[in-house]
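These numbers come from a predicted model, not from an experiment.
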Amino acid sequence: MSAVTTEQPTLGERLAGFGRTLISPKGAVFLLLIVLLVSITVLNPSFAEPSQFIRFIQRVAPVAIVAIGQYFVIVGGEFDLSMGSVVTTQVVIAGNLIGEDASKSVPVLLFMLAFGAFIGLVNGLIVTLLKVPSFIATLGMMLALLGATLYWTGGAATGNPAEEFREIGRGGIRGLPVIDILPWSVVVLVVVLVVAIWFSRRPFGRTIIALGDNPTTARYAGTRNWWVKTSTFVISSLSATVAGVLLVGYAGVHPSVGRGYEFIAITAVVLGGVVLGGGRGWVVAAAAGAFALEALFTLLNFAGVPSTYRDAVQGAIIILAVAYSATTLRARRKGRALEAPVTHTSPEDPATQTSPAPAEEQDAAASARPAPIPSTQRADNETNGGS
């Protein structure tokens, strides 16, 4: 019988481990976000005021919610390019079906949720049952929804919904000390993020990550791959629906409201260290990627950089983030992971050393162990969902 004892790491070793985590793909987005927020504050000190900062969070909330939904699709090994069109469609639905009649708010809101779930279900079934690549399936859905929206509105802005419905996106809890107002958008974002973290830690959430890591192994483990993958598209469309409800509050009803949100969400998720292709990522980092992306655009705005450079910056971010993630992944495969935990064993300590077990005990223990799991194509990957 053997025993292994460990020593508690020192303060210096803990700080070193924290530093390695910050420069790893999982933690780099938080370091980047801090640097960007400090830079913005230097250029515009009023940004650090609580009331201004809470407004910044309110503005980012729809993007972060869309990024959270896109996270589940990407970590499951697919893409969803229809999110922006879903946002646009939901905004137009709210503006045209609710109108100035506030009593229609709840029925139309329920219809919007059902419509979002239906779009996600269709996307998922096309991908899983018809075996159409998600890039093509969701691209077709994006164009179909955009065309239907343009046909419905004629390509022009239409009427806004009742003020009571728009209050969800533009209103909040007023009269609070320090921040004056807590926007409903911030409250909704916190609720969505907490639910996403909880869901990621549940067996179904971990199954999504396992499916993105290795679908063959997941199928052998008894996972219904088609249903798990379809559910990620439903989650994605529902998150786009929630973002649409918030956007209609202060962006108004226009066919271009949600344009480009799918690429913003993908950029935010990649910036958060989520591996394209699935199997690795953290939902909190994906949300932080949305904040870092918007903070970068805010910094460019304060620095006087023309907004026409925004798409170029976004493309460069995707390339750099994917390249950095691939570099660290290769380092991990070679045993030089940045975030490798520090372990402490004291083999020289006589108290920790034990004599080897007799051969009979080793044989008995080996026969009691379960059969080893065969190595998989991506066995070096870890599943960090919600951790």
Side-chain angles (χ1 to χ4, degrees), residues 65-90 93 110-149 192 195-196 198-200 202-245 258 261-266 268-270 274-281 283 286 383 385-386:
I65 291 173
V66 172
I68 290 172
Q70 187 72 256
Y71 159 81
F72 285 103
V73 179
I74 291 181
V75 85
E78 303 293 344
F79 287 97
D80 187 357
L81 298 181
S82 66
M83 299 188 78
S85 291
V86 172
V87 171
T88 301
T89 305
Q90 299 288 22
I93 288 176
L110 295 177
F111 171 76
M112 292 168 64
L113 293 173
F115 179 76
F118 174 74
I119 295 299
L121 183 64
V122 172
N123 282 335
L125 293 179
I126 291 175
V127 172
T128 56
L129 299 185
L130 300 182
K131 307 300 181 185
V132 177
S134 59
F135 180 84
I136 302 299
T138 56
L139 177 64
M141 182 62 73
M142 177 185 74
L143 296 176
L145 290 176
L146 183 60
T149 303
V192 170
V195 171
W198 173 82
F199 182 73
S200 298
R202 303 303 300 168
F204 195 84
R206 295 187 180 278
T207 301
I208 294 175
I209 301 175
L211 177 62
D213 185 30
N214 194 312
T216 302
T217 302
R219 185 172 66 252
Y220 287 158
T223 302
R224 292 187 299 171
N225 290 10
W226 73 271
W227 170 242
V228 174
K229 188 163 292 186
T230 299
S231 68
T232 63
F233 287 96
V234 174
I235 294 172
S236 174
S237 290
L238 287 176
S239 68
T241 300
V242 175
V245 172
Y261 260 70
E262 60 278 352
F263 297 112
I264 293 176
I266 292 174
V269 171
V270 172
V274 180
V275 175
L276 294 178
R280 189 194 300 266
V283 65
T383 54

On a heavy-atom basis, which atom in [X] and which in [Y] lie closest, and how many Å separate them?
X: Tyr71; Y: Ser200; answer: CE2-OG, 4.2 Å
X: Val274; Y: Ala286; answer: CG2-CB, 4.4 Å
X: Ala137; Y: Val127; answer: CB-CG2, 3.9 Å
X: Gly116; Y: Leu238; answer: C-CD2, 4.4 Å

Heavy-atom check, side chain of [X] versus side chain of [Y], under 4.5 Å:
X: Val245; Y: Met112; result: yes
X: Leu125; Y: Leu130; result: no
X: Met83; Y: Ser237; result: no
X: Met141; Y: Ile119; result: yes
X: Thr230; Y: Leu121; result: yes
X: Tyr261; Y: Val86; result: no

Would you please name every residue forming a side-chain contact (heavy atoms from CB on, under 4.5 Å) with Arg202, sequence neighbours left out?
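With neighbours one apart ignored, the set is Trp198.
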Which residues satisfy the side-chain contact (heavy atoms from CB on, under 4.5 Å) test with Ala144, sequence neighbours excluded?
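Checked Ala144 against side-chain contact (heavy atoms from CB on, under 4.5 Å); zero matches.
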So which pairs with a foot in [range] pass salt bridge (charged side-chain N to carboxylate O under 4.0 Å, His left out), sequence neighbours left out?
range: residues 110-120; result: none
range: residues 127-138; result: none
range: residues 223-245; result: Glu78-Lys229
range: residues 111-129; result: none

Restricting to side-chain hydrogen bond (donor to acceptor under 3.5 Å, both in side chains), what partner residues turn up for [X], sequence neighbours left out?
X: Ser82; answer: Asp80, Asn123
X: Thr88; answer: none
X: Thr207; answer: none
X: Thr223; answer: none

What residues form a ring-ring contact (aromatic ring centres under 6.0 Å, His included) with Phe199, not counting sequence neighbours?
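ring-ring contact (aromatic ring centres under 6.0 Å, His included) check on Phe199 returns Phe72, Phe204.
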Under the ring-ring contact (aromatic ring centres under 6.0 Å, His included) test, residues paired with Phe233 that sit two or more places apart:
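Phe233 satisfies ring-ring contact (aromatic ring centres under 6.0 Å, His included) with no other residue.
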Would you say the side-chain atoms of [X] pair up with the backbone N or O of [Y], donor to acceptor, closer than 3.5 Å?
X: Ser231; Y: Val228; value: yes
X: Gln90; Y: Val242; value: no
X: Thr232; Y: Val73; value: no

